[in-house]
Novice: 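Before I ask anything, here is the structure I am working with.
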Amino acid sequence: MTTSFAPLTVAIGDLVPHPANVRSNAPETYDPENIAHLKASIAVLGLLQPLLVQKLDGKYAVLAGGRRHAALKELVADKATKGFTAKTKVDCRLVPENCDVTTALSLAENITQAPMNAIDEFEAFARMMEVDGQTPETIAKTFGTTVAAVKGRLRYGLIHPDIRAAARGKVITLDTMKAFAEHPSQKAQREVFEALTKDGGYLQAYTVRQALKSRGVQVSDDIGAFVRVDYEARGGAVAADLLEEHSVLEDAALVETILLEKLGAAAEEARMRLGFAWADAMVRYDYATMADYGRVYPGPIEPDEAAQKRIDEITAELEKLQFEMEDEGLEDGAYNALYERVDALEEEARDLQEAYSAEDLARSGVIASWQGGQVTLHVGLVRPEDTVKVEGARGSSADPTGEEAPDPGEITYPASLAEDLKTERAMALGAAMALHPEATLDLTLFKLVSDVLASGMSVTQAIKIDARKEYRNHAKMDEIDETSLEQVAAAHDALDLSWLDDSRAPADQFAAFRALKAGEKAKLVAYATASTTQSCFARDRSRDSLMHAFEIEIMPDIRAHWTPNAALFNRFKKAWLLKILGEDLGLAQEAVTLASSSKKEIVAFCDKLFAEPFATLTDAQRAAVAAWCPPMMQTAGIACDEAEPTAETPEPDSEVAQAA
């Protein structure tokens with residue numbers, strides 16, 4: 001067997017593929033996009049490794065080096081590249097024509113070259129810049145890649161030598177080593193490395209990144225971008241990185257000082273604009289600390305003629321926008337634009353119809369905090385020392401019923417949605433009534449007798465015994481969950497209506513009715529009473545204690561008659577949905593993941609979740625999904641005496657909600 005091959009130069013135009021080349025059956029290997037890096041390297045550095053060729057039919061067939069051959073042909077065809085023509089000669093090594101191991105030679109060259117170690121590659125890029133005077137731009141041109149890709153490799157090659165050595169020795173993983181590149185200072189990298197390994201602990205990439213965060217703030221971080229101009233103006237130190245977005249503002253204390261100043265300015269601007277008594281700022285809104293604070297809310301005012309005209313215009317536009325949003329073929333971008341416009345209009349309408357009282361403004365204030373990458377204002381807060389229980393004070397933290405004010409983090413619903421939810425709750429109660437005939441019969445008889453014998457003093461406003469069905473108004477009756485309707489329909493099908501024959505005289509109908517068994521009569525009365533149930537539940541139990549107690553008895557769990565669906569979730573704000581997922585249902589990770597999704601995708605996720613809870617849920621999460629409903633729909637054992645919902649936009653009060 002021949003052990004050495006004679007060197008020679010061959011014109012590119014005289015080179016052809018060899019049938020024994022082991023890559024010949026993988027034409028995708030030679031696609032222009034797959035040899036772009038090789039083409040760029042040859043254009044700058046020349047052909048560094050000779051081709052292995054064998055003379056066949058007067059041509060030189062490339063036995064090994066097919067990708068280099070393909071790159072050379074691309075360079076010849078590329079008129080923008082100078083110095084490469086069909087007559088340009090390249091270095092080759094000649095395999096004798098009588099060689100009988102050509103396939104083995106081709107295979108050997110392709111498989112005996114071990115892939116380059118990743119750390120070697122990173123360090124090689126760094127040396128090209130430090131020793132050879134190359135720039136990221138010239139390196140990118142040499143290897144036919146992007147400047148960003150080169151800078152990424154360079155960053156890893158510039159990690160502290162001790163850390164790279166630990167990765168070579170398999171003390172830490174390559175991913176863990178890469179994590180140290182989050183901070184461009186080798187000093188900071190070394191300090192963190194020593195601190196995390198001093199007790200022989202196992203390093204993880206996540207742990208490294210968390211530790212490096214305490215050493216400064218990246219300029220691409222939301223806070224870093226927010227304060228950077230002021231930070232640099234005050235001479236704050238910046239650890240520069242090859243990739244600008246990874247540069248670090250090293251003085252974390254100065255970053256926080258500037259952030260608090262900017263938050264304070266935003267709070268003061270809001271205080272002056274809204275008329276509050278004080279303003280304050282905090283980096284993160286601490287809900288434990290703020291638990292003792294009260295809150296005041298704007299109350300309704302009578303709009304003047306100009307304001308009413310604008311409100312009418314907004315109402316008309318909102319109806320038009322709602323119709324447009326119902327188009328299922330709407331792209332996410334267009335849908336989100338409409339959604340934002342609806343939000344803006346609803347907020348404008350609220351401002352025209354609501355205002356804080358002078359008394360509340362005199363004792364309340366505003367706090368600005370940093371949440372979800374933006375300044376968030378928490379308005380109407382009342383310090384503990386200023387909290388006063390004022391009986392009947394409009395919008396104050398004391399409710400005229402003696403109830404506590406709504407929790408600052410509670411979702412408040414637009415009036416139209418609140419009314420629709422009341423309607424659906426009434427329908428669910430009607431279904432429960434139809435399914436509990438004996439109890440409902442007792443309620444009906446009690447209502448009828450007590451109204452007459454108690455001098456007409458009404459004991460409940462929830463039902464009417466006047467043989468008229470209750471008309472239940474709802475904005476989107478065709479989109480509600482139909483569980484309660486199906487239950488009522490099933491109850492109707494089970495009724496004995498043989499006595500209700502229009503061909504009979506009323507007296508005969510009455511006689512047939514009297515002949516029914518007591519249980520059948522109870523079903524009929526229950527069904528009739530269920531049909532009169534109104535959507536007028538007072539939020540204060542003391543004003544309608546009879547119906548609250550009865551509701552708890554026959555409908556301890558409204559979810560037995562009603563399930564949240566996409567139609568409901570679509571009327572919630574994106575921040576509300578994330579808050580419900582993260583806080584109410586315990587799906588914090590899912591909420592964080594979905595925060596970058598469109599509202600349409602979040603609605604679809606919630607609809608699927610409630611239709612059939614996922615098998616991956618924990619028992620606690622499954623129980624939360626099975627029990628969840630909006631506060632005004634809750635019944636037994638759960639407070640349903642919250643303040644009357646308003647059209648106020650809730651403040652997203654959690655990091656999960658703010659991520660929206």
Novice: For residues Ile12 and Thr85, determine if any side-chain heavy atom of one lies less than 4.5 Å from a side-chain heavy atom of the other.
Specialist: no
Novice: Measuring from Thr9:OG1 to Leu47:CG, what's the distance to the nearest 0.5 Å?
Specialist: 12.0 Å
Novice: Which class fits the ring pair Tyr339 and Tyr335: parallel under 30°, tilted 30 to 60°, perpendicular over 60°?
Specialist: parallel
Novice: Taking the inter-plane angle between the rings of Phe226 and Trp370 on a 0 to 90° scale, is it parallel (under 30°), tilted (30 to 60°) or perpendicular (over 60°)?
Specialist: tilted
Novice: With a 4.5 Å cut-off on side-chain heavy atoms, are Lys608 and Phe614 touching?
Specialist: yes
Novice: Taking all atoms of both residues into account, what is the closest heavy-atom pair of Leu377 and Ala368, and its distance?
Specialist: CD2-CB, 3.8 Å
Novice: Which heavy atom of Leu94 sits nearest to which heavy atom of Lys55, and what is that distance?
Specialist: CD1-N, 4.1 Å
Novice: Please name the pair of heavy atoms, one in Leu585 and one in Ala624, separated by the smallest distance, quoted to 0.1 Å.
Specialist: CD2-O, 3.6 Å
Novice: Quick check: Phe605 with Phe569 (ring centres under 6.0 Å apart)?
Specialist: no
Novice: Checking Lys320 against Glu324 for the salt bridge (Lys or Arg N to Asp or Glu O under 4.0 Å) test, could you report, in this order, the C-alpha distance in whole Å, the side-chain angles of both residues, the deciding distance, and whether it holds?
Specialist: CA-CA 6 Å; Lys320 179 174 176 290; Glu324 293 179 20; 2.8 Å; yes
Novice: Would you say CD of Gln621 has more than 12 non-hydrogen atoms from neighbouring residues, nucleotides or ligands within 6.0 angstrom?
Specialist: yes
Novice: Kindly determine whether His183 and Glu191 satisfy side chain to side chain contact (heavy atoms under 4.5 Å, CB included), including the steps that lead there.
Specialist: CA-CA 12 Å; His183 199 298; Glu191 290 174 351; over 6 Å; no
Novice: Decide salt bridge (Lys or Arg N to Asp or Glu O under 4.0 Å) for Asp221 and Lys213; before the verdict, give the C-alpha distance in whole Å, the side-chain angles of both, and the deciding distance to 0.1 Å.
Specialist: CA-CA 10 Å; Asp221 180 86; Lys213 281 184 178 180; over 6 Å; no
Novice: For the CD atom of Glu182 and the CD atom of Gln210, what is their distance to the nearest 0.5 Å?
Specialist: 10.5 Å
Novice: Using only atom types and a distance under 3.5 Å, with no angle test, would you say the side chain of Gln218 pairs donor to acceptor with the backbone of Gly224?
Specialist: no
Novice: Quick one: are Asp343 and Glu347 in side-chain contact, heavy atoms under 4.5 Å?
Specialist: no
Novice: Salt bridge between Arg234 and Glu261, side-chain N to carboxylate O under 4.0 Å?
Specialist: yes
Novice: Quick one: are Asp78 and Lys39 in side-chain contact, heavy atoms under 4.5 Å?
Specialist: yes
Novice: Using only atom types and a distance under 3.5 Å, with no angle test, would you say the side chain of Glu601 pairs donor to acceptor with the backbone of Leu594?
Specialist: no
Novice: Determine, stepwise, if the pair Glu590 / Leu609 fulfils side chain to side chain contact (heavy atoms under 4.5 Å, CB included).
Specialist: CA-CA 11 Å; Glu590 288 80 353; Leu609 172 67; over 6 Å; no
Novice: Would you indicate whether the side-chain heavy atoms of Leu203 and Phe193 approach each other to under 4.5 Å?
Specialist: yes
Novice: Side chain to side chain contact (heavy atoms under 4.5 Å, CB included), that's the test. Do Leu330 and Leu338 meet it? Break it down for me.
Specialist: CA-CA 10 Å; Leu330 207 59; Leu338 291 174; 3.5 Å; yes
Novice: Could you tell me whether a side-chain N or O of Arg215 sits under 3.5 Å from a main-chain N or O of Gln189, the two making a donor and an acceptor?
Specialist: no
Novice: Ignoring hydrogens and angles, tell me if any N or O in the side chain of Arg341 forms a donor-acceptor pair with the backbone of Leu321 under 3.5 Å.
Specialist: no
Novice: Would Phe84 and Ile42 satisfy side chain to side chain contact (heavy atoms under 4.5 Å, CB included), going step by step from the backbone distance to the final call?
Specialist: CA-CA 10 Å; Phe84 290 89; Ile42 295 173; 4.1 Å; yes
Novice: How many angstroms lie between OG1 in Thr593 and CG in Leu587, if you round to the nearest 0.5 Å?
Specialist: 10.5 Å
Novice: Please check this pair: side chain of Asp481 against backbone of Thr563, looking for a donor-acceptor N/O pair closer than 3.5 Å.
Specialist: yes
Novice: Would you please classify the geometry between the Phe572 ring and the Trp628 ring as parallel, tilted or perpendicular, with 30° and 60° separating the classes?
Specialist: perpendicular
Novice: Identify the two heavy atoms, one from His69 and one from Leu51, that lie closest to each other, and give their separation to 0.1 Å.
Specialist: N-CD2, 4.4 Å
Novice: Does Ser597 reach the side chain of Lys574, with side-chain heavy atoms less than 4.5 Å apart?
Specialist: no
Novice: If every non-hydrogen atom of Met177 is compared with every non-hydrogen atom of Ala167, which pair is closest and at what distance?
Specialist: SD-CB, 3.7 Å
Novice: Should Tyr60 and Leu15 count as side-chain neighbours, where that means a heavy-atom distance under 4.5 Å?
Specialist: yes
Novice: Working to the nearest 0.5 angstrom, can you tell me the gap between Ile480 CD1 and Leu568 CG?
Specialist: 11.0 Å
Novice: Mind listing the closest non-hydrogen atom pair of Ala591 and Leu581 along with its distance?
Specialist: CB-CB, 4.2 Å
Novice: Roughly how far, to the nearest 0.5 Å, is the CE atom of Met282 from the CD atom of Gln371?
Specialist: 10.0 Å
Novice: Verify side-chain hydrogen bond (donor to acceptor under 3.5 Å, both in side chains) between Thr173 and Asp175, making sure each step is shown before the conclusion.
Specialist: CA-CA 5 Å; Thr173 66; Asp175 283 342; 5.5 Å; no
Novice: Do any N or O atoms from the side chain of Asp230 and from the backbone of Ala233 form a donor-acceptor pair under 3.5 angstrom?
Specialist: no
Novice: Tell me, do Pro184 and Val248 make a side-chain contact under 4.5 Å, heavy atoms counted?
Specialist: yes
Novice: More than 12 foreign heavy atoms under 6.0 Å from CD of Glu612: is that the case here?
Specialist: no
Novice: With rounding to the nearest 0.5 angstrom, report the CZ to CD1 distance, Arg190 to Ile163.
Specialist: 7.5 Å
